[in-house]
Every structure is written in C-alpha cells, then in structure tokens.
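Below you'll find the structure, written out as structure tokens, and then a few comments.
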Amino acid sequence: MRAAADQRVAANTDLQDYFDAIVAADQKVEPRDWMPEAYRRTLIRQIAQHAHSEIIGMQPEGNWISRAPSLKRKAILLAKVQDEAGHGLYLYAAAETLGISRQELVEMLIEGRQKYSSIFNYPTLTWADVGAIGWLVDGAAIVNQVPLCRCSYGPYARAMIRICKEESFHQRQGFEILHTLAHGTEGQHAMAQDAIDRWWYPSLAMFGPPDGDSTHSEQSMAWKIKRFSNDDLRQRFVDMCVQQAGVLGLRIPDPGLRWDQERQAHDYTQPDYDELMQVIKGNGPCNRQRIDHRRRAHDEGAWVREAAAAHARKKVMTHV
Amino acid sequence: MSEPLWEVFVRPRRGLSHAHVGSLHAPDAELALRNARDVNTRRQEGVSIWVVPAGAITASSPDEKDAFFAPAADKVYRHPTFYEVPEGAEHI
C-alpha cells in the first residue's frame, strides 16, 4: 500500500515537472496533457468569459445594423457582427477542450454564473458609438489579445491568432467611421466627440483593476497564460490612442493627459474602478437587458435545434 | 443541445493537404459542413472542407508525451545528414 502511494506521489511530481518544463520552455500545453487542476479552472474561466464577451458583444452593435447610414456601412457592420459570433464559437470550442460542455457554458452565461466583459453593458446611443466601439473597444481588445496569441495553452493561443487577424478589420472600420464623422458637419463632429467622451473611460477599464488589486494576475503570469500586467497594457493602449486621436481630430476627454518625458509615456487619469466593480456586479446600464436578450434568443432558437436534431435522426433511420 | 462534436479540416488551396482548423457542434454532417463554411472560411481560407465526427478519430497516446515516438529518436541514420559524402561526389 505504502509503496503504491509513494509511487503515485512520485508519478504526480513527474507530471507536474513535465508540465512546468513545457511552460518554462515556451512550449504549448495541449488538451490531453496532464495539467494542474487550478490551471484548467483558470483557463475555463478566462476562455469562457472571453467567449461570452464576443457573444454578448454582438448586441450593442447589432442595435445599429438596421439603422446604419448606408448600404455599405450596413454590409460592413453585418460582417463584423458575424465575426463576433465566429470568435465566440472558436473560443467556446477551445474551452470545451478543457472538459466543460457547450451546454454548461451557455447555461452559465444566461444564469449569470460566468461573466463577460463589462464594456458591453453600456448602451450604443448613436451611430458614432459604433465607430467608438470599433476604435476604442476593439482597439483595447487587440492590445489585450495580441499577447494571448503566445498563451501557454495551445487551443486558446490558436483561437487568438485567428481572432486577432480578424479584429484589425474591426478596429479600422471603427476608425474610419469616426474619421468620416469628425470631418463631416459640425453636428457629426460633435456626435463623434460625444461618443469618445462616453467610451474612453469604460475602454480603459477593460484592462481590469490596477495591478495591486488584480486577483488572478500573478499566477496567470507564472503559467504564461498572461504575459503583461493590466497596467502595462492600459499604458500601451493610452499611448497608441493619443496619436490616433490627433489624426481623427477628436479630443481624449482627460484633462490630466500629458507626455511624461522621463517615463517616455503618457500620464493619464485612471478610470473609475468603483464604477467598474458596480457594472461587474450587475448594476451597469444594460446588464439585465443583455442577459434577457441572450436568454430569449436561446429559448426562441430551441425549435430550430429540435427540428435539426429530428431531421438528423430521421436521416440516420432512412439510410440504414 | 448535446449536438455531436465535429473536427474541421480545411484545404487552404489546391496542392496543399487539408489541415485541422478547429471543431464545432452540429446535428448532422451536412449542417456541420455548412457551419464550418460560416465559422472557418469567411475570408476565403479554403477551397475544400472535411468534417469528421470527433468520436471517430483514434489518437496515439493519452497525452502528447513522446514514449510512442521514442523508437524514432535513436535512428539518426534515417536522415541524409547522417552520411559522410566523400569530397568530389556530385549531385548526391
């Protein structure tokens, strides 16, 4: 008995050592490899949250498909929202390789047991918001996601490579919408500025709490799931946006924004993290609406899934 | 909603093999193919798609460790670089 137990412990240490060696060598962990349970749980939480964000993220933009100002803009927005659905699907598939089922994932979202990015709990009030989402929200997402292409978990890294390629179209289309508005009539310029004013701080909050308050960061960095800290990524985003806002001819709504020669980076005002916590807790402007809509869409699609399953069964029977 | 899982393989262009690009759920093969078209080839990433029921795949070792492939490790003579070519031999 004793010998068997010792052997099991030794084998377990071997597994841990092998896992540690793979991560240390910047190799990828693949689905059927042994991995620490906490690594698996962390990845399920993060990938699921990411997938849910893509799916819920279809709503604020979908809100403007029927009211896009031209056929071209409508076709582009449709393609973009379809991409978000695709991104959600790549990510759900990646999460499923960790042993969780699609059904569980869908249920956890509509029952509020897993989160999605808080940014999608803000409303899209004007057409310029579609531009601001593309430029700022997708821009922040890209800054967050590019390092995830090197994440230690193979399926997640592969999904992120695809997603990042497609996101750059999203960011550019948003930038183009804002550029067009900013160089249009006075009213259009004001609409673009108003959108930036409302989306700037929620976009900064997308990078999560400051490093000192970030609960999952340290372990995720050690596992090479995460490569840079929240504050580093947020700084990178601010520095990029300042130059781009200049090209747009729009103002970043931060009186504290200035170039720090010594740090070679911009000083900026932090977003309101109390507001972020409130929105995460479910008290943002659209939290309830987003989940209600998702649940309704899921329920209303039930007959399609049932019909397709019945058709599949019937085909199997007639072909036997 | 327990639709079967399908593995998707795409031939990026003529002359290349199909390569695995991901997986998806669908009730049957025909819908799996249509879903794969929408999920994996929105930007002309392929000229041909295979969908395979995930359960139909037989895989090598239970993890991606190398014991199964170890016999190949000590057979360096399978590579042309193992051999010394005398000076002056051409086209070899």
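A quick note: this is a predicted structure, and the numbers were derived from the prediction, not measured. Order of the sequence lines fixes the chain letters, A, B, ..., with proteins taken first and strands second; residue numbering starts at 1 for each chain.
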Pairs of heavy atoms under 4.5 Å with chain B: top-ranked of A:Ala79, A:Ala159, A:Ala312: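 Maximum pair count with chain B is reached by A:Ala312.
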Top of A:Gln82, A:Arg162, A:Arg158, A:His311 for chain B proximity - count of heavy-atom pairs under 4.5 angstrom: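 The answer is A:Arg162.
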Indicate whether the side chain of [X] and that of [Y] have a donor and an acceptor atom separated by less than 3.5 Å.
{"X": "A:Tyr39", "Y": "A:Ser152", "result": "yes"}
{"X": "A:Ser101", "Y": "A:Glu104", "result": "yes"}
{"X": "A:Asn63", "Y": "A:Gln59", "result": "no"}

Leading residue by heavy atom contact count with chain A [cutoff under 4.5 Å; candidates B:Ser23, B:Ala26, B:Pro27, B:Pro4]: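 Most heavy-atom pairs under 4.5 Å with chain A: B:Pro27.
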Contacting region of B:Asn35 [heavy-atom separation from chain A under 4.5 Å]: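 Neither part.
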Within residues 139-151 of chain A or reaching into it, pairs that qualify as side-chain hydrogen bond (donor to acceptor under 3.5 Å, both in side chains) - sequence neighbours excluded: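 For residues 139-151 of chain A, and leaving out neighbouring residues, the side-chain hydrogen bond (donor to acceptor under 3.5 Å, both in side chains) pairs sorted by first residue read A:His50-A:Gln145.
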Pairs meeting criterion ring pair (Phe, Tyr, Trp, His ring centres under 6.0 Å) with involvement of residues 78-108 of chain A, two or more places apart: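 Applying ring pair (Phe, Tyr, Trp, His ring centres under 6.0 Å) to every pair that reaches into residues 78-108 of chain A, excluding sequence neighbours, yields A:His52-A:Tyr92, A:His87-A:Tyr90, A:His87-A:His170.
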Residue A:Glu96 versus chain B: region with a heavy atom under 4.5 Å: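 Side chain only.
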